[in-house]
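Before any comments, here is the structure.
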Amino acid sequence: MYSYLKELNEIQRLAVEAIEGPSLVIAGAGSGKTRVLTYKIAHMLNLGIHPANILALTFTNKAAREMKDRIANMVGEKTAAYLWMGTFHSLFAKILRFEAKYIGYPSNFSIYDTQDSKNLIKTICKELHLDPQVYKSNEVLGRISYAKNNLVTAKNYANNFQIRESDKHGRKPEIYRIYEIYERRCKNAGAMDFDDLLLKTNILFDMHPDVLKKYQEKFKYILVDEYQDTNFSQYLIIKKLALAHQNLCVVGDDAQSIYAFRGARIENILNFKKDYPGFKLFKLEQNYRSTKNIVNAANSVIKKNRNQIQKNVFSEKEHGNKIKILEAFTDHEEGHLIANIISDIRYSEHDKYSDFAVLYRTNAQSRILEEALRKKNIPYRIYGGLSFYQRKEIKDLLAYFRLIINPLDDEAFKRIINYPKRGIGNTSLNKLLDFARENNLSAWQAAIKLASVNIGLSSAVVKKIHEFMSLISNFAGIINTGEAYETARQIAVQSGILKELHNDKTPEGISRYENIQELLNGIKDFTSTESDEGIKPNLVDYIQNVSLLTNEDKDKNKDKDKVNLMTIHSAKGLEFKNVFLAGLEEDLFPSKFSSSNISELEEERRLFYVAITRAENKLFISFARKRYRWGQLSDCVPSRFIRDINPEFIETEDAMLSMRNFSKKRTNSIGNQENKTTFTGNSEITKEALKQKLKKLDNSTKTAPNKNNSTKNLSGIKEGVLVNHQRFGTGKVLAVEGVFPNTKATIEFETGGKKQLLLKYAKLEILT
DNA sequence: TGCGTGCTTCTTTTT
DNA sequence: GAAGCACGCA
């Protein structure tokens, strides 16, 4: 018997040994899911299965890398290098590049990230003269993405009565046209968006059975992590690939499905038995991570959801601490409470900073928490947020790389044609783009024709455009062959980006310059380590992967001793000795977008479950009575989720007392706070100080001045009143909504149509 | 063509 | 409170 099998419990071992045929591993939180997966793959390799015949799909690059490292430790790096292990997106992008000719794409296709897609959609909507208020790029992209994830192509979309009806119902009947144009533009630009990577893989396999057969033969064994988070498109790819051998092992936990918003189908895991009737089921129910209290509290929460696979997650660790509820007056105080408790525990328990995590629902919450930690000199590391790769300067440089590799890439072209400034302004660019559109060309192809066609650009501008193009073309010659880091650096220099940023001595400019340096160093790292098949990657490999990378894929600080700040979503798969869960307020968590819809509310509750189960030892849940949103202080109501926890797992009578005072009624008056207890541990903040601070905040919001109009009081604006606007002239107020000064007034001006003005800013004068 | 200013909108979560 | 957009001026 292999020695590593002895490290597993009975069920884990059986799951590891079930190599042939379909198997479903339901893995409760903290039940050793990753261990089962890694041991299983290692075991397969030890039994003589060739690593190149194994396909292992994960949802993050990080998960893939960690698993690969562990396997490499068990079976050696050489062997592990042949494994096909990675995210759906990255592995199928690889296959699509290889088989590009079958689907009419160049193998050097670009990958549009969300921002590129949105920009393209905005452009299209503008061309179609669609109201941007109605056709918000976010929503339109959401529709298209949803369609793609359900294998509905633009053509199908246009011909689908139901979809068209539902769009009409949502007052956006033109989405099908946007989709068609969007798809055509992407194709012309030799670009795919995230969803295309999965959709085109499906199309490839459907249209070319021989290609599918090739990969079925190659991937004799398929493993899928986080199966509950697969969408329909991913589900189908797996189904097709597994069809021949049926050696499919999926691992997941329906209770931790938190990505329905981007198309994940919890049914995939619930229906596994229908698709693979002869499957073996393994339920990992023992939680090795958390104390009894935490596991039981989490169970008491998830019990409130209807739709789930029955399981009994239990812990054999000690009971441990009960959950503490922290009530703060404001979001800032919430941060202070957390920072203070971290200091206290670190001192009393000798815990490291890295033993702590602060989790929250939205990235926007991180700023205030950061502030509080900084004030106490607590080092922290923040995950997610604005990804490194989303920063302007990084995207700019990457756009150069992209355009060099794929000159058809319009989004990259538009981004850098005049950055750094080379005298090609919007007017000229628009002429070029119009010309391109009329002739169904990419911007690059259109620009080539400028030599012979006159579209009303001055010869000076044409010359500048062609200079730009030869800059790009020159690099195209060496990007494949040149040493990656040096080539990248040369591009940064010759494009003028490095100089531009170097001359900017503002703190932001300096930080941008450093980011570019960091990116270049990242390229050095990436290209000096060996890739999957033991080949050294070049710059092209880097660029083709980079759109699929996230922050976590580059962080060097991971070994440092720091408190971890992240959204609950990015905390999935992680564990921490002490966890703080911040911002447990109605409309924030659960999000106001979810609270009206049962299935969305259940997803939020699963998210809450995920958050609770990250904690090994101590769990703190906090909420604030007042919080800044939209730059305005507003009242908050404690989250219903707090009451979903069975009270026996929550600490102190006082907390329960406070819980009973939860009410939908907003608590405005400071007087009411008098008898409330705050559970601050050894916090330095006194109630008196809190009151003072709150008073200040209260006063400052009550008298929020009208910035541009401090002398005139616009609170008297109501329907029917005549007003005068500095720019638009006189008009009549049609409707008024919101609380002054954040009042929105819809005004019909004599000169030009209706306008919605925010009184906070509007330069208005009441005439009647 | 570039830049400053005023105004609007945005926020759920991410590969 | 930030980022993006439109407008108007130099």
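All chains are named by letter (A, B, ...) in the order of the sequence lines, taking the proteins before the strands, and each is independently numbered beginning at 1.
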(request) Specify the residue among F88(A) and E600(A) whose closest nucleotide of DNA chain B lies further upstream toward the 5′ end. (result) E600(A)

(request) Scan E603(A) against the nucleic acid and name what it touches under 4.0 Å (heavy atoms): base, sugar-phosphate only, or nothing. (result) nothing

(message) Show me the pairs that pass salt bridge (Lys or Arg N to Asp or Glu O under 4.0 Å) and involve residues 109-119 of chain A, at least two apart or across chains.
(response) D113(A)-K395(A), D116(A)-K395(A), D116(A)-R402(A)

(message) Please classify the nucleic acid contact of D113(A) as base, sugar-phosphate, or nothing, using heavy-atom distances under 4.0 Å.
(response) nothing

(request) Could you check which of dT15(B), dT14(B), dG2(B) has an atom nearest any side-chain atom of T567(A)? (result) dT14(B)

(message) Can you measure I465(A) atom CD1 to dT1(B) atom P for me and round it to whole angstrom units?
(response) 10 Å

(message) What is the separation between atom CG on L633(A) and atom P on dG1(C), rounded to the nearest whole Å?
(response) 12 Å

(message) Would the distance check show the side chain of E586(A) and the main-chain N or O of R640(A) forming a donor-acceptor pair, the cut-off being under 3.5 Å?
(response) yes

(message) Using a 4.0 Å heavy-atom cut-off, does Y259(A) contact any base of the nucleic acid, only the sugar-phosphate backbone, or nothing at all?
(response) sugar-phosphate

(message) Heavy atoms from C-beta onward define the side chain here; which of dT15(B), dT14(B), dC5(C) lies closest to that of S570(A)?
(response) dT14(B)

(request) Select one nucleotide: of dT13(B), dG2(B), dA6(C), the one nearest the side-chain heavy atoms of N418(A). (result) dG2(B)

(message) Regarding N202(A) and S233(A), do their side chains bring together a donor and an acceptor under 3.5 Å, going by distance alone?
(response) yes

(request) Find which nucleotide of DNA chain B each of T87(A) and R422(A) is nearest to by heavy atoms, and output the residue with the more 5' nucleotide. (result) R422(A)

(message) Nearest to the N138(A) side chain among dT11(B), dG1(C), dT1(B), which nucleotide is it?
(response) dT11(B)

(request) Using ring pair (Phe, Tyr, Trp, His ring centres under 6.0 Å) as the criterion, list what pairs up with Y609(A), not counting sequence neighbours. (result) none

(request) Starting at atom CG of L198(A), determine the distance to atom P of dT14(B), rounded to an integer number of angstrom. (result) 18 Å

(message) From C-beta outward on F261(A), which listed nucleotide comes closest to its side chain: dT14(B), dC5(C), dG1(C)?
(response) dT14(B)

(request) Could you state the atom-to-atom distance from CD1 of I258(A) to C1' of dT15(B) in whole Å? (result) 13 Å

(request) Would you please confirm or rule out a distance under 4.0 Å between OP1 or OP2 of dG4(C) and any side-chain N or O of K118(A)? (result) no

(request) May I ask you to verify if any side-chain N or O of N363(A) is less than 4.0 angstrom from the OP1 or OP2 atom of dT11(B)? (result) no

(message) With a 4.0 Å cutoff (strictly under), does any side-chain N or O of S428(A) reach OP1 or OP2 of dT1(B)?
(response) yes

(message) Of the options dT11(B), dG1(C), dT14(B), whose atoms approach the side-chain atoms of A364(A) most closely?
(response) dT11(B)

(request) Please state how far atom CG in N149(A) lies from atom C1' in dT14(B), giving the value in whole angstrom units. (result) 12 Å

(request) Return the value, rounded to whole Å, for the distance between atom CD of Q115(A) and atom P of dG4(C). (result) 7 Å

(request) Identify whether any heavy atom of F593(A) sits under 4.0 Å from a base atom; if not, whether one sits that close to sugar-phosphate; answer base, sugar-phosphate or nothing. (result) base

(message) Please determine whether a side-chain nitrogen or oxygen atom of S90(A) lies at a distance below 4.0 Å from atom OP1 or OP2 of dT15(B).
(response) no

(message) Of the options dT13(B), dC10(B), dG1(C), whose atoms approach the side-chain atoms of K136(A) most closely?
(response) dC10(B)

(message) Donor-acceptor pair, distance only, cut-off 3.5 Å: does the side chain of D196(A) make one with the backbone of L199(A)?
(response) no

(request) Please state how far atom CD in Q228(A) lies from atom P in dT13(B), giving the value in whole angstrom units. (result) 20 Å

(request) Measure the distance from NZ on K592(A) to P on dT13(B) and round it to the nearest whole Å. (result) 12 Å

(message) Does K122(A) reach a base, just sugar-phosphate, or nothing at all? Heavy atoms under 4.0 Å.
(response) sugar-phosphate

(request) Taking only the side-chain heavy atoms of K421(A) (C-beta and beyond), determine which of dG2(B), dC5(C), dT15(B) contains the nearest atom. (result) dG2(B)

(request) Look at the side-chain N and O atoms of T60(A) and state whether any lies under 4.0 Å from the OP1 or OP2 oxygen of dT15(B). (result) no

(request) Over 60° means perpendicular and under 30° means parallel, so classify the ring planes of H89(A) and F194(A), tilted if in between. (result) perpendicular

(request) Indicate yes or no for a side-chain donor-acceptor contact from N418(A) to the backbone of G423(A) under 3.5 Å, with no hydrogens or angles considered. (result) yes

